[in-house]
Amino acid sequence: MSETKTTNIILFSGDYDKAMAAYIIANGAAAYDHEVTIFHTFWGLNALRKEEMVPVKKSFMEKMFGKMMPRGADKLGLSNMNFAGMGPKMIKGVMKKHNAMPLPDLIDMAKEQDVKLVACTMTMDLLGLHKDELMDEIEYAGVAAYLADAEDGNVNLFI
């Protein structure tokens with residue numbers, strides 16, 4: 001009887017291409033029967049934000065963070081060649097031409113494959129993000145929970 005392999009990914013980046021890489025790796029690992037966790041922290045939390053505006057009570061600073069951060073996976077910029085928002089449009093066009101899945105679809109696939117999507121509660125507090133603003137079917141935890149998962153992990157990545 002073989003031991004279940006685990007893959008743990010910290011998604012720190014809020015860049016579209018880096019989030020795509022994290023989700024491509026996660027989906028690949030899940031397809032190879034790994035238990036996979038993606039721990040979203042800081043700007044990586046933006047991949048979990050709902051695209052629609054959710055009315056929640058916030059302080060002035062929390063409102064400012066909310067306005068400055070992209071709302072949802074499809075709104076993330078590129079790490080390089082963003083070109084004031086033209087870069088993501090260009091890469092999405094190339095991806096469509098080559099039948100590559102866009103990030104929102106990769107996230108849906110990860111959910112279907114039971115990849116554990118975790119939002120960092122400490123970062124949520126720092127940035128003023130509320131659970132209502134993040135997509136459904138995700139988990140919430142702090143760094144101790146990530147460390148517990150990663151301690152025995154076969155693959156641990158920081159993206």
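Everything numeric in this text was worked out from a predicted model, so none of it was measured.
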Peer 1: With Lys131 as the cation and Tyr140 as the aromatic partner, state whether NZ or CZ is under 6.0 Å from the six-membered ring centre and within 45° of the axis.
Peer 2: yes
Peer 1: Test salt bridge (charged side-chain N to carboxylate O under 4.0 Å, His left out) on Lys58 and Glu133 and set out the steps.
Peer 2: CA-CA 12 Å; Lys58 293 188 173 202; Glu133 296 178 276; 3.0 Å; yes
Peer 1: Is there side-chain contact between Asp17 and Ile91, with at least one heavy-atom pair below 4.5 Å?
Peer 2: no
Peer 1: Could you tabulate the donor-acceptor pairs under 3.5 Å formed by side-chain atoms of residues 100-115, not counting sequence neighbours?
Peer 2:
residue, atom, partner, partner atom, Å
Lys111, NZ, Asp136, O, 3.3
Gln113, OE1, Ala31, N, 3.4
Gln113, NE2, Asn27, O, 3.3
Gln113, NE2, Asn27, OD1, 2.9

Peer 1: Got a sec, which hydrophobics cluster with Val56, joining ILVMFWY side chains under 4.5 Å apart, including via others?
Peer 2: Val54
Peer 1: If every non-hydrogen atom of Phe65 is compared with every non-hydrogen atom of Leu127, which pair is closest and at what distance?
Peer 2: CB-O, 3.6 Å
Peer 1: Taking NZ, NE, NH1 and NH2 as the nitrogens, is one of them in Lys75 or Glu51 under 4.0 Å from a carboxylate oxygen of the other?
Peer 2: yes
Peer 1: Using a distance-only test with no angle check, is there a side-chain donor-acceptor pair under 3.5 angstrom linking Asn8 and Asp149?
Peer 2: no
Peer 1: Would you please name every residue forming a salt bridge (charged side-chain N to carboxylate O under 4.0 Å, His left out) with Asp74, sequence neighbours left out?
Peer 2: Lys92
Peer 1: Does Lys57 pair with Glu62 as a salt bridge, N-O distance under 4.0 Å?
Peer 2: no
Peer 1: Is the CE atom of Met68 crowded by more than 12 outside heavy atoms at less than 6.0 Å?
Peer 2: yes
Peer 1: Quick one: do the Thr7 and His34 side chains pair a donor with an acceptor below 3.5 Å?
Peer 2: yes
